[in-house]
Amino acid sequence: MSGTYEQRYEMTQPTVEREPYDPHAVQDRWLPVWDRLDLYRAGRHEGAPKKYVLDMFPYPSGDLHMGHAEAYGLCDVLARYWMRRGFDVMHPIGWDSFGLPAENAAIKRNEHPATYTYANIETQAESFRRYAISFDWTRRLHTSDPEYYRWTQWLFLRFRERGLAYRKSSAVNWCPQDQTVLANEQVVQGACERCGTVVTKRDLTQWFFKVTDYADRLLDDMEQLRDSWPSRVLKMQENWIGRSQGAHVDFAIGTDTVTVFTTRPDTLYGATFFVVAADAPLALQLCAPDRREALEAYREDVRKLSDIDRQSTDRPKTGVDLGVSALNPVTDEQIPVYAADYVLADYGTGAIMAVPAHDQRDLDFARAFDLPVRVVVDTGAEDPSVTGVATSGDGVLVHSGPYDGLRKEEAIAQVVVDLEARGGGKGAINYRLRDWLISRQRFWGPPIPIVHCEACGEVAVPDDQLPVRLPDLRGADLKPAGTSPLGAATEWLNVSCPSCGGPATRDTDTMDTFVDSSWYFLRFCSPDYTDGPFDPEAVRQWMPVAQYVGGVEHAILHLLYSRFFMKVLHDMGMVDAVEPFAALLNQGQVINQGKAMSKSLGNGIDLGAELSRFGVDAVRLTMVFAGPPEDDIDWADVSPAGSVKYLARVARLAEDVGELPLSEVRDPAVDRAVARTVDEVTRLVEGQRLNVAVARFMELTSTMRKSYDAGAAGVASLREGVASLAVMLGCFAPYTAEEVWSRLGHDVEAGDSVHAATWPTAEPALLVEDTVTCVVQVAGKVRDRLEVAPDVGEDELRELALASAGGVKALDGRGTRTVIVRAPKLVNIVPA
RNA sequence: GCCGGGAUGGUGGAAUCGGCAGACACGGGGGCCUCAAAAGCCCUUGUCCGAAAGGGCGUGCGGGUUCAAGUCCCGCUCCCGGCACCA
């Protein structure tokens, strides 16, 4: 540090009593001014390139919490950054206001879901405003508004016309707590995603969206997202869709032909028995009359098992011999047929050929039922019938007739060719993905716009009668009862058939919340459009979303469904893009003391309380500074008080610098520090390495403070430097930055806000250093440092290093074997 | 079981091109200011040896490649996440 002690002492003695930094006063000062200035409306910058920045919209359950503060704070930095860079940014907000969580919470409080939901929305909206998120409030939407769900229903009808929405009877997931069916994606480890209750199966007629038609495209289009989505999410979707390549093989059982799916057609010679899913109708159909009783009893046992028990892999294999045999189309061998619960009714064809030598589950069953084990692929491993371990690796075919001697992959290809030539099977692809079950037996969702007529069957509600509004049902019992509460609204329920005019009833189910959220990002482009769900021209301008931010919990729910919707809309000619979200950021969670916050643990942190203690900016800065955006933040490990301290330092510096008499004098050291920070922070924000960007702000602040304390020689440099800092910091800590901006003399009230300023640029000349520190290593250890010109020559640098005091000392008279020179940063001398 | 991701000081993290390990903070220690405290400011803080100068060691563990490895390769251990009888 320069400057004598006396000088510094003079400078740091306040001559007048100074107001300490009060974050709340700063908030109160600027919030109303910003409201008036209307700073964040999309479309403000005629002709500027557009960028659509979006957070996953919130559920209106209670007020905002720490998780919201993290996610929206992060996304706000990015949105504000792009605004400062001159983009026309759309950063809208709305509410995912239909759905089970809000409905359950409302019922618990004995309130109507609408009352509860809209009250929460107002609370959250006000909290967002105070939290200073740069939303364009003019585009606000709620999925529970009739103006919105009219188009959700309209889309349902278009999907149905294309055969993508259909009704079928099947065994579906049922949550006994919420008294409704659930989609496959909403069952997490056998339990309801919402309430954690163990899910059971029910045979019901339900509405589905045909996602499986899009399985291939959902997989293949991921290539476009490879570099801009977290690889973890892509992997999860890939596994969820679960494409497997194999073959369908037809086995004759009596007069029936039963097809199986297998990924290992090469092992057909090793199939020693056949298994059908015990709970599939097929089992009953195939069963010999004298085995019927045994099968019925077994099916009863299976039904009693919960999904969780059934899924445990180490459970002993059970099953029933059906007393019939199946004909292997390749070997013409008759093999016994069993029904067992380890074969799933709803995967593949619900039946398998069992190859115990090469499939562990089949081997376990064979050993339990004393069935033959025949090795047909020699992998070099020991006999599975001896070891109890099935072999699935590569090898050479044996005991396989004409296929003997082929390698596994060759055999798979050859068997498929032969099956197709001879009949009896064909190459096939199978998916783990099931169709999306969208109907719910609950009140708080968009009614399914279908009328059931005795004469005409299912009839679509005509477009001009949309929306099918929810009946009010105020005062009625909305408690989950297993069938939709809508069935009790007699006046609403009974209608005349749109087709024949005869007596008919409305469909009483409502749609899953995830249907609402599968297209809201499109509605934001033209929220008031009345001729369709969205204005295709507006969508063309804004979509796809340039940056999407949200939690990883939606990896295979919302994110998969939205991708599906986008592709369907593309096929309908309504949108150009096929992917809705060009880039995705999964922010981490805010936890406390190593654990997720929960009521039962009593470790919850109240956002409102933190904001009252530390202020908005300090909480926002703490979240961002804590670590990489995608990492969890343990609130016990971070220091909002430290953030307050930093912000106060910035505010004090601004006040000091703002009071300096105007001057043109510059301080090259400050100029270079500012330029370096601007340059680096720009790249850091682009790379979403926001925590490091904050560290650079802190360094720059210290540099400028020291320059000021040392006599504030370069007033112009300091004023400009603090201004540049304010613009950049404004993306992170909007209130403090505005305060700083104003202390520098900007008339914010007149529209000269830091949030309307342009991102600073770094003069390239200032980024070139006069000298560079060159490290001199001897045998890889640092022994000296040299200040050299950035363009120093290799030979010159080698000589300098060899002559350096540290180098000579460490070399200790030894000769050199080689000298590696990486000008201008490093020389490594290797002793002989 | 399968598929991802990770392990760096007392703590959160930085070092994203194979080139100074520990930026920036939090916490700790010491000091200045004060009647005192708070606030603020300054110094210090990986570890071991040493009074110091200086030196040794150090990025989960074991090997390897390289003049040079937190970073690349091989083999482990542990932690976190996802899927899970998916044929």
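Within every chain, numbering begins at 1; the chains are lettered A, B, ... in the order of the sequence lines, protein sequences first and strands thereafter.
Comparing C42(B) with C80(B), their P atoms sit 42 Å apart, to the nearest whole Å. When the C1' atom is used for both C57(B) and A21(B), the distance is 13 Å, rounded to whole Å. For the C1' atoms, the distance from C72(B) to C17(B) is 13 Å, rounded to whole Å. For the P atoms, the distance from G64(B) to U71(B) is 15 Å, rounded to whole Å. Using atom C1' as the reference point in both G22(B) and G27(B), the two lie 16 Å apart (nearest Å). For G9(B) and G62(B), the C1' atoms lie 24 Å apart once the distance is rounded to whole Å. The same atom, C1', is picked in A52(B) and in U16(B); the two are 40 Å apart, to the nearest Å. Rounded to a whole angstrom, the distance from the P atom of G63(B) to that of G82(B) is 36 Å.
Across all strands shown, A53(B) remains unpaired; no Watson-Crick or G-U wobble contact has both distances below 3.5 Å. The nucleotide A7(B) finds its pairing partner in U77(B), both defining distances of the Watson-Crick or G-U wobble pair being shorter than 3.5 Å. A 3.5 Å limit on both hydrogen-bonding distances identifies no Watson-Crick or G-U partner for G22(B). The partner of G1(B) is C83(B), by the rule that a Watson-Crick or G-U pair needs both atom distances under 3.5 Å.
No donor-acceptor contact under 3.5 angstrom links the side chains of Thr263(A) and Gln245(A), judged on distance only. A donor-acceptor pair shorter than 3.5 Å can be found between the side chains of Thr701(A) and Tyr646(A).
Distances shorter than 4.0 Å separate none of the side-chain N or O atoms of Arg822(A) from OP1 or OP2 on G18(B). An OP1 or OP2 oxygen of G55(B) is reached within less than 4.0 angstrom by a side-chain nitrogen or oxygen of Arg783(A).
Atom P of nucleotide G40(B) and atom CG of Asp709(A) are separated by 15 Å, given to the nearest angstrom. G40(B) atom P lies 12 Å from atom CG of Leu647(A), rounded to whole Å. Atom CZ in Phe697(A) sits roughly 20 Å away from atom P in G13(B) (whole-Å rounding). Across the protein-nucleic acid pair, Asp632(A) atom CG and G12(B) atom C1' stand 13 Å apart, rounded to whole Å. Asp631(A) places its CG atom 13 Å from the C1' atom of G81(B), with the value rounded to the nearest Å. Whole-Å rounding puts the Ile556(A) CD1 to C83(B) C1' distance at 8 Å. Atom CD of Glu630(A) and atom P of G13(B) are 11 Å apart (whole Å). For the pair Tyr338(A) OH and C85(B) P, the computed distance is 23 Å after rounding to whole Å.
Proximity note for Val830(A) (side chain, C-beta onward) versus C67(B), A84(B), C57(B): the nearest is C67(B). For Lys781(A), whose side chain is taken as the heavy atoms from C-beta onward, the closest listed nucleotide among G82(B), C20(B), G56(B) is G56(B). Among the nucleotides C20(B), G82(B), A87(B), the one closest to the side chain of Arg785(A) is C20(B). Distance from the side chain of Asp359(A) is smallest to A87(B) among A87(B), C83(B), C3(B).
Between atom OH of residue Tyr347(A) and atom CZ of residue Arg432(A) there is a gap of 9.0 Å, rounded to the nearest 0.5 Å. Separation of atoms CG (Leu811(A)) and CG (Leu802(A)) is listed at 7.5 Å; rounding is to 0.5 Å.
Aromatic pair Phe732(A)/Phe697(A): centroids less than 6.0 angstrom apart. If you look at Tyr338(A) and Phe365(A), their ring centroids are closer than 6.0 Å.
The pair Asp617(A)-Arg620(A) does not meet the salt-bridge criterion, since no charged nitrogen lies less than 4.0 angstrom from a carboxylate oxygen. Salt-bridge annotation for Arg696(A) and Glu699(A): present, with a side-chain N of the basic residue lying under 4.0 Å from a carboxylate O of the acidic one.
When the nearest nucleotides of RNA chain B are assigned to Val188(A) and Thr262(A) by heavy-atom distance, the more 5′-ward of the two goes with Val188(A). Projected onto RNA chain B by closest heavy-atom contact, Val552(A) and Leu684(A) fall at different nucleotides, the more 5' of which corresponds to Leu684(A).
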Handout entry: Under 4.0 Å protein heavy-atom contacts per nucleotide of nucleotides 21-29 of chain B, with B for base, S for backbone only and - for none
Key = --BBSS---
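Of the possible donor and acceptor atoms, none in the side chain of Asp632(A) sits under 3.5 Å from a partner among the backbone N and O of Gly588(A). Remark: side-chain polar atoms of Thr736(A) are not paired, donor with acceptor, to backbone N or O of Ala733(A) under 3.5 angstrom.
A donor N or O paired with an acceptor N or O is not found under 3.5 Å between the base of C83(B) and the side-chain atoms of Asn239(A). Looking at Lys317(A), its side chain comes within 3.5 Å of the base of C85(B) through a donor and an acceptor atom. Between the base of G5(B) and the side chain of Arg232(A) there is no donor-acceptor pair shorter than 3.5 Å.
At a threshold of 4.0 angstrom between heavy atoms, the contacts of Lys825(A) with the nucleic acid are absent.
Look at G10(B): its glycosidic torsion is beyond 90° from 0, and that puts it in the anti range.
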